[in-house]
K.L.:
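Shown below is the structure under consideration.
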Amino acid sequence: GKTCFFILGSGRMGSTFLYNVLKEHPKVALTNEARIVDTIHLAYQAVMTPYGESSEHGFQGLIHKDVQPGFVPIFLRHMREAVAEYYAETFGEDKTHWGDKLAGVAAAAEAAKIWPDTRHVVLVRDPRDVVCSYLNMQKIEDPTILGPRWEEFMEMTQDGFAQQWADTYRGVLRLIPDHVLVRYETLMADPDAAVATVLAHLGLEPDP
């Protein structure tokens with residue numbers, strides 16, 4: 001079978017650097033905030049929550065509870081097949097590990113219910129350095145090089161940077177206690193060792 005994994009963390013953590021390294025591994029199919037799993041998260045909440053009730057994340061249920069037992073297994077099977085087909089068509093059948101660099105901790109936690117062997121890689125950095133990095137980032141001439149969330153980053157305030165950091169790691173501790181932690185400082189100082197730790201967590205052999 002295939003192993004599902006996600007790179008998680010607040011912004012300015014080195015997640016794009018790690019993404020760029022891991023996606024070169026011959027067994028890895030990895031997207032960069034493609035938001036496929038976020039879409040699945042929304043659909044999963046809508047289907048798993050009975051009609052008229054709200055999920056723990058505030059989504060309103062859509063499926064009547066009388067039909068849920070018959071519908072949910074079919075829904076989950078087709079959803080898994082759709083994701084598998086996308087990654088196979090995009091990256092090839094020979095990849096053994098697929099995943100995404102995600103912004104949403106809740107979506108990654110939900111995915112673990114759908115793919116029970118999901119692995120999580122969490123990056124963390126001193127929040128004071130994060131705020132300084134965000135403020136410096138807002139001075140660059142071409143913000144589009146920051147990736148798909150560049151507009152969000154450019155509009156955030158200093159308080160917003162700090163709040164995002166706090167909310168992200170509260171979510172990780174609450175929803176994803178089983179993860180491998182990679183510190184930004186270690187990733188920058190000794191990337192080979194940090195990547196080797198991640199690969200070991202994923203069950204992959206290092207590749208030059």
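From a predicted model like this one, the values you see are computed outputs, not experimental measurements. For this chain, numbers begin at 1 and follow the sequence in order.
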K.L.:
Write down the atom of Asp100, the atom of Ile36, and the distance for their closest heavy-atom approach.
P.N.:
OD2-N, 4.4 Å

K.L.:
Checking Asp142 against Thr144: is there a side-chain donor and acceptor pair closer than 3.5 Å?
P.N.:
yes

K.L.:
Which residues satisfy the salt bridge (charged side-chain N to carboxylate O under 4.0 Å, His left out) test with Arg35, sequence neighbours excluded?
P.N.:
Asp38

K.L.:
Take Tyr134 and Gln164, measure what side chain to side chain contact (heavy atoms under 4.5 Å, CB included) needs, and give me the verdict at the end.
P.N.:
CA-CA 12 Å; Tyr134 266 123; Gln164 184 185 73; 2.8 Å; yes

K.L.:
Report the distance from atom CG of Leu30 to atom CG of Leu22, rounding to the nearest 0.5 Å.
P.N.:
6.5 Å

K.L.:
Between Leu199 and Glu205, does a side chain to side chain contact (heavy atoms under 4.5 Å, CB included) hold up when you go through it step by step?
P.N.:
CA-CA 7 Å; Leu199 292 176; Glu205 293 294 326; over 6 Å; no

K.L.:
Applying side-chain hydrogen bond (donor to acceptor under 3.5 Å, both in side chains) to Gln163 and Asp159, what does each step give before you reach the verdict?
P.N.:
CA-CA 6 Å; Gln163 189 63 54; Asp159 287 345; over 6 Å; no

K.L.:
I want to check something: taking the side chain as every heavy atom from C-beta on, are Phe5 and Val28 in contact at a cut-off of under 4.5 Å?
P.N.:
yes

K.L.:
Please identify each residue that fulfils salt bridge (charged side-chain N to carboxylate O under 4.0 Å, His left out) with Asp190, with sequence neighbours left out.
P.N.:
none

K.L.:
Which pair of non-hydrogen atoms, one from Ala106 and one from Leu175, has the smallest distance, and what is that distance?
P.N.:
CA-CD1, 3.9 Å

K.L.:
Taking all heavy atoms of Ser54 and all of Thr49, pick out the closest pair and write down the distance.
P.N.:
C-CG2, 3.7 Å

K.L.:
Mind checking whether Trp165 and Phe161 have ring centres under 6.0 Å apart?
P.N.:
no

K.L.:
Hey, any chance Met13 and Met188 share a hydrophobic cluster, counting ILVMFWY side chains that come within less than 4.5 Å of each other, even indirectly?
P.N.:
yes

K.L.:
What distance do Asn32 atom CG and Ser15 atom OG have between them, rounded to the nearest 0.5 Å?
P.N.:
7.5 Å

K.L.:
Just checking Glu81: does its CD atom have more than 12 heavy atoms from other residues, nucleotides or ligands closer to it than 6.0 angstrom?
P.N.:
yes

K.L.:
Considering all heavy atoms of both residues, which atom of His97 and which atom of Leu202 are nearest to each other, and what is their separation?
P.N.:
NE2-O, 2.7 Å

K.L.:
Under the side chain to side chain contact (heavy atoms under 4.5 Å, CB included) rule, what do Arg80 and Val83 come out as? Steps first, then yes or no, please.
P.N.:
CA-CA 5 Å; Arg80 293 188 191 101; Val83 173; over 6 Å; no

K.L.:
With sequence neighbours excluded, what pairs up with Arg77 under the side chain to side chain donor-acceptor pair (under 3.5 Å) test?
P.N.:
none

K.L.:
Consider only side-chain heavy atoms of I, L, V, M, F, W and Y, link residues closer than 4.5 Å, and tell whether Ile74 and Val67 are in one cluster.
P.N.:
no

K.L.:
What residues, two or more places apart in sequence or in another chain, satisfy ring pair (Phe, Tyr, Trp, His ring centres under 6.0 Å) together with Tyr87?
P.N.:
Phe91, Trp98

K.L.:
Around Gln158, counting heavy atoms of other residues, nucleotides and ligands shown, do more than 12 lie under 6.0 Å from its CD?
P.N.:
no

K.L.:
Only counting residues at least two apart or in another chain, list the ones meeting salt bridge (charged side-chain N to carboxylate O under 4.0 Å, His left out) with Arg119.
P.N.:
Asp117

K.L.:
Taking the side chain as every heavy atom from C-beta outward, state whether Arg125 and Glu185 have any pair of such atoms under 4.5 Å apart.
P.N.:
yes

K.L.:
Are Val21 and Pro191 packed together at the side-chain level, in the sense that at least one heavy-atom pair is separated by less than 4.5 angstrom?
P.N.:
no

K.L.:
Are the side chains of Trp115 and Thr118 in touch, meaning some heavy atoms are under 4.5 Å apart?
P.N.:
yes

K.L.:
As a quick check of understanding, evaluate side chain to side chain contact (heavy atoms under 4.5 Å, CB included) for Tyr51 and Gln68, giving each step before the final call.
P.N.:
CA-CA 10 Å; Tyr51 177 79; Gln68 274 185 315; over 6 Å; no

K.L.:
Would the number of heavy atoms belonging to other residues, nucleotides or ligands and lying under 6.0 Å from CG of Asp94 be above 12?
P.N.:
yes

K.L.:
In the single-linkage hydrophobic clustering (I, L, V, M, F, W, Y; side-chain heavy atoms under 4.5 Å), do Phe6 and Leu173 co-cluster?
P.N.:
no

K.L.:
Using modelled atom types only, decide if a donor and an acceptor are shared between the side chain of Lys101 and the backbone of Thr31 within a distance under 3.5 Å.
P.N.:
no

K.L.:
Would you give the length of the straight line joining atom OH of Tyr19 to atom CG of Leu123, rounded to the nearest 0.5 angstrom?
P.N.:
15.0 Å

K.L.:
Any sub-3.5 Å donor-acceptor pair from Thr197's side-chain atoms to Ala193's backbone N or O?
P.N.:
yes

K.L.:
Please report the shortest heavy-atom distance between Ile176 and Ala108, naming the atom on each side.
P.N.:
CD1-CB, 4.0 Å

K.L.:
Between Val121 and Leu8, is there a side-chain heavy-atom distance shorter than 4.5 Å?
P.N.:
no

K.L.:
Taking everything shown except Lys65 itself, do over 12 heavy atoms lie less than 6.0 Å from its NZ?
P.N.:
no

K.L.:
Is any side-chain heavy atom of His120 closer than 4.5 Å to a side-chain heavy atom of Val180?
P.N.:
no

K.L.:
Listed by chain and number, what are the ring pair (Phe, Tyr, Trp, His ring centres under 6.0 Å) partners of Tyr184, not counting sequence neighbours?
P.N.:
none

K.L.:
Under a single-linkage definition using a 4.5 Å side-chain heavy-atom cutoff for Ile, Leu, Val, Met, Phe, Trp and Tyr, are Val72 and Leu62 assigned to the same hydrophobic cluster?
P.N.:
no

K.L.:
Say you draw a straight line from NE2 of His25 to CG of Leu204; how long is it, rounded to the nearest 0.5 Å?
P.N.:
4.5 Å

K.L.:
Kindly compute the distance separating OG1 (Thr39) from NE2 (His41), expressed to the nearest 0.5 Å.
P.N.:
10.5 Å

K.L.:
Does any part of the side chain of Glu110, heavy atoms only, come nearer than 4.5 Å to the side chain of Ile40, both counted from C-beta?
P.N.:
no

K.L.:
Quick check against the 3.5 Å criterion: does Tyr169 have a side-chain atom that pairs as donor or acceptor with the backbone of Gly9?
P.N.:
no

K.L.:
Among the clusters formed by ILVMFWY side chains lying less than 4.5 Å apart, do Phe71 and Met48 turn up in the same one?
P.N.:
yes

K.L.:
Compare all side-chain heavy atoms of Leu135 with those of Met137 and state whether any distance is below 4.5 angstrom.
P.N.:
no

K.L.:
So how far is it from Arg128 CZ to Ser133 OG, rounded to the nearest 0.5 Å?
P.N.:
14.5 Å

